Amino acid sequence: MGRTLRRTAAFTALWKALITGNGSNASLADRLGAMPRMVLATLRGKYDGLGRIMAITAATLYVVSPVDMVPEAFLLVLGLADDVIIVSWIAGALISETDRFLMWENGVKTPVGGPIIDGDVA
């Protein structure tokens, strides 16, 4: 039961991060719609996101997996902390990658430092 509550909390955090975003103009609907297109473009070799998509997928599988590297049964808070850290990373990676993909899709060049947000390099 604790594992189910933890997963629920983790995915709730991910959902909130996807909704709020990182200050870009992309809405949640834009991001959700971009994900399948991003995966298809990557698989077809048109978009260079394979490594990032694989890392996000592996991290998501780790969070939903019943096998845990730091089990809550023995380490309590530390066992939850590893999942919170990973879900936070997943949220940030999804936000960043969907922004990057949407910019690529619209023909906008991405600076080396990341996407431009409000005139600054992120």
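The structure displayed is predicted, hence computed values, not measured ones.
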| message | Suppose we screen for side-chain contact (heavy atoms from CB on, under 4.5 Å). Which residues come up paired with L50, at least two apart in sequence or across chains? | response | T42, M54
| If you group Ile, Leu, Val, Met, Phe, Trp and Tyr by side-chain heavy-atom gaps below 4.5 Å, do W104 and M38 land in one group? | yes
| query | Same hydrophobic cluster for I95 and V84, using side-chain heavy-atom links shorter than 4.5 Å among ILVMFWY? | reply | no
| request: Starting from the C-alpha separation in whole Å, work towards a yes-or-no answer on side-chain contact (heavy atoms from CB on, under 4.5 Å) for R31 and L94. | output: CA-CA 9 Å; R31 292 175 196 287; L94 281 173; over 6 Å; no
| Any salt bridge (charged side-chain N to carboxylate O under 4.0 Å, His left out) pairs touching residues 36-47, not counting sequence neighbours? | R37-E105
| field | side-chain hydrogen bond (donor to acceptor under 3.5 Å, both in side chains) partners of residues 85-95, not counting sequence neighbours, each pair once | value | none
| D48: side chain to side chain donor-acceptor pair (under 3.5 Å) partners, not counting sequence neighbours | R52, R100
| task | Please confirm whether the backbone N or O of I56 pairs with a side-chain atom of T60, one donor and one acceptor, at under 3.5 Å? | result | yes
| What heavy-atom pair brings F101 and Y47 nearest, and what distance separates the two atoms? | N-OH, 3.5 Å
| said: As an exercise, state the distance from CG of L43 to CD1 of I53, rounded to the nearest 0.5 Å. | reply: 7.0 Å
| message | Can a side-chain donor-acceptor contact be found between D99 and S96 if the only test is distance below 3.5 angstrom? | response | no
